[in-house]
Amino acid sequence: MSDAKNSLAQMEKIVSLCKRRGFIYQSSEIYGGCGGVWDYGPLGAELKRNLRTAWWNTMTREREDVLGLDASILMNPAIWKASGHVDTFADLMRECSLTNKRVRADHVEPQSGTSVSYTGARPGEVIPADKIADFIQKLDSLVKAYPHEHRNEAEQCAAVLKLPDITRSSLEAWVSAIQRNYQPTLLIREFVKDFLKPFQKQSSEPFTMLLPQGKPVESARKVAKEFYSNRGVNDPQLDDEATATVQDSRDFHPETGGMLGEARPFNLMLKTYLGPTATEDDVTYLRPETAQAIFAQFKNVFDSSRVKVPFGIGQIGKAFRNEVTPKNFTFRSREFEQMELEFFIKPDEAVEIISGEVAKWHEGADLSEPQLNWGWEMWHRYWVDQRTKFYEGIGLGDVLEYYWQTPADLAHYARACVDILCEFPFGTEELEGIAARGDFDLSAHQSASTKSQEIFDEELKNAAAKLTDEQKEALIQKRLAAEKAKTKGEPMPEAAVRAWFERLFKGNYVPHVIEPSAGLDRMALAVIAKAFSETEKIDEKGKKEVITVLRLHPRVAPIKVGVFPLLKNKPELVAKAREVYALLKKHLNCFYDETASIGRRYARQDEVGTPFGVTIDFETCGEKGPELADTVTLRHRDSGEQERVKISELLGKLLPLVS
RNA sequence: GCGGGUGUAGUUCAAUGGUAGAACACGAGCUUCCCAAGCUUGAUACGUGGGUUCGAUUCCCAUCACCCGCUCCA
């Protein structure tokens, strides 16, 4: 089996387990479902709650410098205009036919040059070598499976097939020839026909691109071939090349030269109406991210909490996006839950004034404790480190990867952004993004709302008062040079820079922000996918069976302990087991189970990731003497190890292991 | 949004233009039962809506959902 097939099968098993054991169901299933939304069943709800609590505790409660917020999903739509979401999410967009890059229909500059177009493409002859190797291997095993009386013929026709130059038309010719001549080899014919299918695909989709003055037509041919092979045409042969001179056309993507598709609204924002009249005046949106509420409430939190910069505001909540393609089970959903922190820091200039320098990041720098002289870069690295430790704490440490966005990837307002990626069966995908966003967000809200988002920093004011005019001017010159060197976005005009420093020297600034933003549903899926494991076991009768175990970290497991009386028809065992259950239940999520054999009950709990099992037997009731009385079997999921533990010592032993 | 595929008990799969089967799972019962044991027994399904037909789960159309590619950024 190929890797792709393997991981697909793996994913299907996970989806099936999730449904079967009550982790995740399709939304509205009895009505045929609802695209891109999912429901969490009893165990999924517990798992999510555990992850949510883990995040909340490590990010807010266990820290002195982060506060919580729980804002509403509905907000004044002006917030989404200020944040840029309405513009980027809901305008008329035209899509580049080559790269699917979208541009605003009203932002396309007129282009001139030579257009090259094709009416479509037919498949070529060349079949890739690896496909041929795969083909021959499968063909051989097919031939071997033939019954004896037809084996000869099958071998003969396979030999004819395996000529040194296998091309599309040689195979096609073979298929039409074999139809008449070799009846017993029909299976091979069907196999070849299936194999050929992907290489016979043609496309009548027209292609046009704009070539800048002086570029050879050959480069357009190359792009066109790529275009058609992306659409499944193998070794594309282009149809009807035509060139034309183009003057001031708005139909091509300014960067790629690709033809732009029809202008159509791309409404990623989920629109709704606030108020019963439901007129256009009442339109607002379900939030596409939780972060903006944090920015919008920044001043209130700051004013009501006696905090000083640097500090953070964390929030967990639902967000909504009209995804074009919901995908990969719960991975890309239209309704999802975010866990976001906005960590507000001083601008580097303020740090420099106060500390005399800004610490530079270098490989191996100590990130364990925040320092006064940290600028945005160190804070950014610090949060990447913190978040990594968090993922280690929920058992995901060894499947993480990092992607540091290149300057080209970055939005113009972002200074750095790291994606924390995780290995899923369907590929390595993003779990969390940690962005250094400068003061973009608060400044945007400041200018849109006309309410100041500046804070006053007494320490800064006092430090600035000690600076000489020359020192101040040096700081300003440094910033002016940095503005000039900007490659993205407009440089800040000198007058604005000087005005900004004016405020800064008085102790006033809009804080900058580091934003670790994680997806709770993705995290839950990652945890399940990582924990999913199957082993084959041969039972006493030699029957093969597949054992499924969710090796969840005890901290996130939905059920912590299974409690079992060895037999259910003995009242004393049941009574004792229920006693133990009642004792543990107050502190841990437990599951009591008395049906079926003890082995099956262990297996059931293994499948949902319960790390511990407690079994009450006759010894617990004192059958083998007083020293074993009131002891139980404690069984460990991952090792299968069993130990004898006093009931009175159970809680003390278990609690530290699950929190 | 475009292209390809799928849709039958809880799950994984069968069969069929006329009464839908299995395995596992699930419920009840028996069992001194420590890793999916055994026996007895019970409940549960043709995604939805049209059409063709005497009759459709099966054929056709539409729709919905899911999966796989192209698009990312929680």
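Each chain gets a letter, A, B and so on, in the order its sequence line appears, and its residues count up from 1. Treat the numbers as computed from the prediction; the structure is a model and nothing was measured.
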Mind checking what makes ring pair (Phe, Tyr, Trp, His ring centres under 6.0 Å) contact with A:Trp383, not counting sequence neighbours? A:Phe343
Proximity to the side chain of A:Arg321 - top-ranked nucleotide from B:C73, B:C34, B:C67: B:C73
Under 4.0 Å, heavy atoms only, any strand: does A:Leu17 hit a base, just the sugar-phosphate, or nothing? nothing
Classify the nucleic acid contact of A:Phe329 as base, sugar-phosphate or nothing, counting any heavy atom under 4.0 Å across all strands shown. sugar-phosphate
What base-paired stems does RNA chain B take part in, with at least 3 consecutive Watson-Crick or G-U wobble pairs and both distances under 3.5 Å? B:1-7 with B:64-70, B:10-13 with B:21-24, B:26-30 with B:38-42, B:47-51 with B:59-63
Would you say a side-chain N or O of A:Asn569 is under 4.0 Å from OP1 or OP2 of B:U32? yes
Donor-acceptor contact present, side-chain A:Ser7 to main-chain A:Phe426, <3.5 Å: no
Between B:C67, B:C72, B:C73, which one does the side chain of A:Glu430 approach most closely? B:C73
Holding to side-chain contact (heavy atoms from CB on, under 4.5 Å), I want the full list of residues that pass it with A:Arg52, two or more places apart in sequence or in another chain. A:Lys48, A:Arg49, A:Ile316, A:Glu337, A:Leu520
If we count only N and O atoms by modelled type, under 3.5 Å, do the side chains of A:Thr208 and A:Tyr118 hold a donor and an acceptor together? no
For A:Gly36, report the nucleic acid contact type (base, sugar-phosphate, nothing); a contact means any heavy atom under 4.0 Å. sugar-phosphate
Would you measure the distance from the P atom in B:A37 across to the matching atom in B:C24 and give it in whole Å? 10 Å
Using a cut-off of 4.0 Å on non-hydrogen atoms, how would the nucleic acid contact of A:Glu340 be classed: base, sugar-phosphate, or nothing? nothing
In residues 517-525 of chain A, which residues come under 4.0 Å of RNA chain B by heavy atom? A:Ser517, A:Ala518, A:Gly519, A:Arg522
Would you tabulate the pairs of protein nitrogen or oxygen atoms and nucleotide nitrogen or oxygen atoms of nucleotides 41-46 of chain B closer than 3.5 angstrom?
none

Nearest-neighbour nucleotide for the A:Leu566 side chain, B:C73, B:C66, B:C33 considered: B:C33
Nearest-angstrom distance, P atom, B:G3 to B:G10: 33 Å
What do the steps show when you test A:Glu46 against A:Tyr40 for side-chain hydrogen bond (donor to acceptor under 3.5 Å, both in side chains), and what is the final call? CA-CA 9 Å; A:Glu46 286 292 337; A:Tyr40 288 81; over 6 Å; no
Determine the Euclidean distance between corresponding C1' atoms of B:A62 and B:G55; express it in Å to zero decimal places. 22 Å
Polar atoms only, N or O, under 3.5 Å: list the protein pairs with nucleotides 10-13 of chain B and their distances.
unit_1: B:U11; atom_1: OP1; unit_2: A:Lys19; atom_2: NZ; d: 2.6
unit_1: B:U11; atom_1: O3'; unit_2: A:Ser16; atom_2: OG; d: 3.1
unit_1: B:U11; atom_1: O2'; unit_2: A:Ser16; atom_2: OG; d: 3.1

Among side-chain atoms of A:Arg644 and A:Thr633, is any donor-acceptor pair under 3.5 angstrom? yes
Taking OP1 and OP2 of B:C67, is either one under 4.0 Å from a side-chain nitrogen or oxygen of A:Lys327? no
Shortest side-chain distance from A:Asp419, nucleotide among B:C67, B:C73, B:C34: B:C73
Applying side-chain contact (heavy atoms from CB on, under 4.5 Å) to A:Glu289 and not counting sequence neighbours gives A:Trp80, A:His85, A:Ala291, A:Gln292, A:Arg321, A:Gln338, A:Glu340
B:C13 and B:U53, which share atom name C1', separated by this distance in whole Å: 30 Å
In whole Å, what is the span from the CZ atom of A:Phe336 to the C1' atom of B:C72? 13 Å
Please work out if A:Thr548 contacts a base, only the sugar-phosphate, or nothing of the nucleic acid, heavy-atom cut-off 4.0 Å. base
Let's go through A:Tyr25 and A:Trp38 carefully: what are the C-alpha distance in whole Å and the side-chain angles of both, what is the deciding distance for side chain to side chain contact (heavy atoms under 4.5 Å, CB included) to 0.1 Å, and is it a yes or a no? CA-CA 6 Å; A:Tyr25 313 122; A:Trp38 302 88; over 6 Å; no
With a 4.0 Å limit, can you tell me whether A:Asn328 has a side-chain N or O closer than that to the phosphate oxygens OP1/OP2 of B:C68? yes
Salt bridge (Lys or Arg N to Asp or Glu O under 4.0 Å) involving A:Arg332 - partner list, sequence neighbours excluded: A:Glu323
Can you find a side-chain donor-acceptor pair between A:Asn50 and A:Thr53 that sits under 3.5 Å? no
Residues forming a ring pair (Phe, Tyr, Trp, His ring centres under 6.0 Å) with A:Phe532, sequence neighbours excluded: none
For A:Gln338, which contact category applies under a 4.0 Å heavy-atom criterion: base, sugar-phosphate, or nothing? sugar-phosphate
Run the ring pair (Phe, Tyr, Trp, His ring centres under 6.0 Å) test against A:Tyr581 and tell me which residues pass, sequence neighbours left out. A:Tyr592
How is A:Gly35 classified with respect to the nucleic acid when contacts are heavy atoms under 4.0 Å: base, sugar-phosphate, or nothing? sugar-phosphate
Contacts to RNA chain B from residues 596-608 of chain A, heavy-atom cutoff under 4.0 Å, which residues? A:Ala596, A:Ser597, A:Ile598, A:Gly599, A:Arg600, A:Tyr602, A:Ala603, A:Arg604
Is any N or O donor-acceptor pair between the side chain of A:Asp617 and the base of B:C33 shorter than 3.5 Å? no
Choose from B:U32, B:C35, B:C72 the nucleotide whose nearest atom is closest to any side-chain atom of A:Glu429. B:C72
Picking from A:Thr615, A:Asp593, A:Thr610, what satisfies side chain to side chain donor-acceptor pair (under 3.5 Å) with A:Tyr602? A:Thr615
Residue set satisfying salt bridge (Lys or Arg N to Asp or Glu O under 4.0 Å) with A:Lys19, at least two apart, ordered chain then number -> A:Glu29
Has the side chain of A:Gln405 got a donor or acceptor atom sitting under 3.5 Å from an opposite partner on the base of B:C73? yes
What's A:Thr595 touching, base or sugar-phosphate or nothing? Going by heavy atoms closer than 4.0 Å. sugar-phosphate
Using only heavy-atom distances, determine whether the side chains of A:Arg21 and A:Thr548 contain a donor-acceptor pair under 3.5 Å. no
Pick base, sugar-phosphate or nothing for A:Cys417, based on heavy-atom distances below 4.0 Å to the nucleic acid. nothing
Please determine which of A:Ile528, A:Asp521, A:Ile24 meets the side chain to side chain contact (heavy atoms under 4.5 Å, CB included) test together with A:Phe329. A:Ile24
Where the side chain of A:Lys568 is concerned, which of B:A65, B:G29, B:A74 is the nearest nucleotide? B:G29
For B:C39 versus B:U48, give the span between their C1' atoms, rounded off to a whole number of Å. 43 Å
Round to a whole Å and report the spacing from OH of A:Tyr25 to P of B:G47. 22 Å
